[in-house]
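These notes are about the structure you will find just below.
If you're wondering where the values come from, they're calculated on a predicted model, not measured in any experiment.
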Amino acid sequence: LKELNLSNMITSKVQNMSSMFQNCESILSLDLSKFRDEYVMDMSHMFHNCKSLASINIGVLRAENVIDLSYMFSHCESLTQLDLKYFYTKSAINMSNMFSHLYSITSLNANYLYTEQVQNMEFMFYNNYDGNIIEVRQFDTRNVKSMKGMFWNCFNITEIHIQTFDTSKVTNFDNMFTNCHKVTSLDLTKFNTLNCYNNMKEMFNGCSDNLKVLISENIENFENLLDIIIKSHINIKFAE
């Protein structure tokens, strides 16, 4: 299946769009401009494994009442752009793997996403090979419990603005920045690792020797984070 005409599909009362197009591996484009999602609560795996999907028009989908967005665009390996400007994800709790394996994406502005209720960001941007920008500086992470593998294998990304992240509830940072080869600085002065004691394994593995991590002695559980940084043989700078 390479083409699909959705212009006459009425979705105004649909509550579940989970796995709707999953494994349509040969589909080239999708136009959802007529779709409505006022009652939809689940969009998990919606486009998962649409490997040939090169363009997608999500129209005015807002995902306003959607709770689960996990794996939504995972393995859309041919997508180069993704416009999320209408997304208002105020009810979302799960965003794990939402944008994982987007091998061809060049830049991804996720700042439109509303993340105040989100608890799971595991592997959210895992295996984004070509992208050099992932914009997350406006994320509200006050309720996130896991950031495991969040930026793992984002090989070409050059900057990650996480200095505004609230990590006070995070219990797992494993592999969070693994293989972010081109990132040269990380500001962790606002990081709070109070609830994370043992789950910071390989957090900086594969990062450049030129990476400078800025930390503060005032952060909670400072000693554990410092130990992980030292074991990764990367540069430490202490905030004044």
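Only one option out of Thr178, Asn175, Asn128, Asn179 pairs with Asn153 in a side chain to side chain donor-acceptor pair (under 3.5 Å); it is Asn179.
Of all the heavy atoms in Ala63 and Leu69, the pair that sits closest is CB-CD2, 4.4 Å. Residues Leu102 and Cys76 approach most closely at CD2-O, 3.5 Å, considering heavy atoms. The two atoms that bring Met200 and Asp174 nearest to each other are N-OD1, 3.0 Å, heavy atoms only. Residues Arg62 and Tyr86 come closest through the heavy atom pair CG-O, 3.4 Å. Across Ile105 and Gln81, no two heavy atoms sit closer than the pair CD1-N, 3.7 Å. The minimum heavy-atom distance linking Arg137 with Asn111 is given by the pair N-OD1, 3.2 Å.
The aromatic rings of His101 and Tyr126 sit perpendicular to each other, their planes meeting at more than 60°, with 30° as the lower class boundary. In this pair, Tyr103 and His75 present their aromatic rings perpendicular. The plane angle is above 60°, beyond the 30 to 60° band.
Side chain to side chain, Asn132 and Asn156 fail the donor-acceptor criterion of an N or O pair below 3.5 Å. Side-chain contact check for Lys169 and Asn195: no donor-acceptor pair (N or O, by modelled atom type) lies under 3.5 Å. Between the side chains of Ser104 and Ser78, no donor N or O sits under 3.5 Å from an acceptor N or O.
A 4.5 Å side-chain heavy-atom check between Met203 and Leu225 finds at least one atom pair inside the cut-off. You'll find the side chain of Met17 reaches within 4.5 Å of the side chain of Thr11, heavy atoms only. When side chains are defined from C-beta on, Ile160 counts as touching Cys180, because their heavy atoms get closer than 4.5 Å. Contact annotation: the side chain of Leu79 never approaches that of Phe47 to less than 4.5 Å [non-hydrogen atoms, C-beta and beyond]. Side-chain atoms of Ile229 and Ile234, non-hydrogen and from C-beta on, do get closer than 4.5 Å to each other. Contact of the Asn65 side chain with the Tyr39 side chain is not registered, since no non-hydrogen atoms from C-beta on lie closer than 4.5 Å. A 4.5 Å side-chain heavy-atom check between Met20 and Phe35 finds at least one atom pair inside the cut-off.
Cluster membership for Leu113 and Met41, using ILVMFWY side-chain heavy atoms within less than 4.5 angstrom, is not shared. In the hydrophobic cluster analysis, where Ile, Leu, Val, Met, Phe, Trp and Tyr join through side-chain heavy atoms closer than 4.5 angstrom, Tyr71 is grouped apart from Phe73. Under a hydrophobic clustering in which Ile, Leu, Val, Met, Phe, Trp and Tyr are joined whenever their side-chain heavy atoms come within less than 4.5 Å, directly or via other members, Tyr129 and Val136 fall into different clusters. Taken together through direct or relayed side-chain contacts under 4.5 Å among Ile, Leu, Val, Met, Phe, Trp and Tyr, Met43 and Met98 form part of one hydrophobic cluster. A continuous path of Ile, Leu, Val, Met, Phe, Trp and Tyr side chains, each step under 4.5 Å between heavy atoms, connects Ile134 with Phe139, placing both in one hydrophobic cluster.
Not counting sequence neighbours, the partners of Lys51 by the side chain to side chain contact (heavy atoms under 4.5 Å, CB included) test are Glu25, Asn49, Glu77. For Asp187, the side chain to side chain contact (heavy atoms under 4.5 Å, CB included) partners are Gln163, Thr189, Leu214, not counting sequence neighbours.
Side-chain N or O atoms of Ser91 include none that pairs as donor or acceptor with a backbone N or O of Ile67 at under 3.5 Å. Counting only distance, with no hydrogens or angles, the side chain of Ser208 and the backbone of Lys182 share no donor-acceptor pair below 3.5 Å. Side-chain atoms of Thr167 come within 3.5 Å of backbone N or O of Asn192 as a donor-acceptor pair. At distances below 3.5 Å, not a single donor-acceptor pair connects side-chain atoms of Asn235 with backbone N or O atoms of Lys237. No donor-acceptor distance shorter than 3.5 angstrom exists from the side chain of Asn57 to the backbone of Leu32, with no hydrogens or angles considered.
To the nearest 0.5 Å, atoms NZ (Lys212) and OG1 (Thr184) are separated by 7.5 Å. To the nearest 0.5 angstrom, Ile133 atom CD1 is 8.0 Å from Glu159 atom CD. Rounded to the nearest 0.5 angstrom, Phe173 CZ and Met150 CE are separated by 10.5 Å. If you take CG on Leu188 and CD1 on Ile162, they are separated by 5.0 Å, rounding to the nearest 0.5 Å. Here Phe87 contributes atom CZ and Ile58 contributes atom CD1; the two are 4.5 Å apart, rounded to the nearest 0.5 Å. Within the model, atoms OG1 of Thr193 and CG of Asn199 stand 12.0 Å from one another, a figure rounded to the nearest 0.5 Å.
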Query - Stepwise side chain to side chain contact (heavy atoms under 4.5 Å, CB included) check, Val60 with Arg36 - result: CA-CA 7 Å; Val60 294; Arg36 298 295 180 269; 3.6 Å; yes
Requested in this report: Could you walk me through whether Val183 and Leu211 pass side chain to side chain contact (heavy atoms under 4.5 Å, CB included), step by step?
Outcome: CA-CA 6 Å; Val183 175; Leu211 175 63; 4.0 Å; yes
Query raised in the report: Is there a side-chain hydrogen bond (donor to acceptor under 3.5 Å, both in side chains) between Thr80 and Thr106 once you walk through the steps?
Result: CA-CA 6 Å; Thr80 57; Thr106 54; 5.7 Å; no
Query - Verdict with reasoning, Ile236 to Ile215, per side chain to side chain contact (heavy atoms under 4.5 Å, CB included) - result: CA-CA 7 Å; Ile236 304 171; Ile215 59 175; 4.0 Å; yes
Requested in this report: Evaluate the side chain to side chain contact (heavy atoms under 4.5 Å, CB included) criterion for residues Phe21 and Leu6: first the C-alpha distance (whole Å), next the side-chain angles of each, then the deciding distance (0.1 Å), finally the verdict.
Outcome: CA-CA 12 Å; Phe21 304 101; Leu6 304 169; 3.8 Å; yes
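Using a cutoff of 4.0 Å between basic side-chain nitrogens and carboxylate oxygens, Lys90 and Glu116 are not scored as salt-bridged.
The local environment of CG in Leu1 is crowded, with over 12 non-hydrogen atoms from other residues, nucleotides or ligands closer than 6.0 Å. Crowding of Gln15 atom CD: a count of heavy atoms from other residues, nucleotides or ligands under 6.0 Å not exceeding 12.
Within the structure, salt bridge (charged side-chain N to carboxylate O under 4.0 Å, His left out) pairs that include any residue of residues 119-133 do not occur (at least two apart or interchain).
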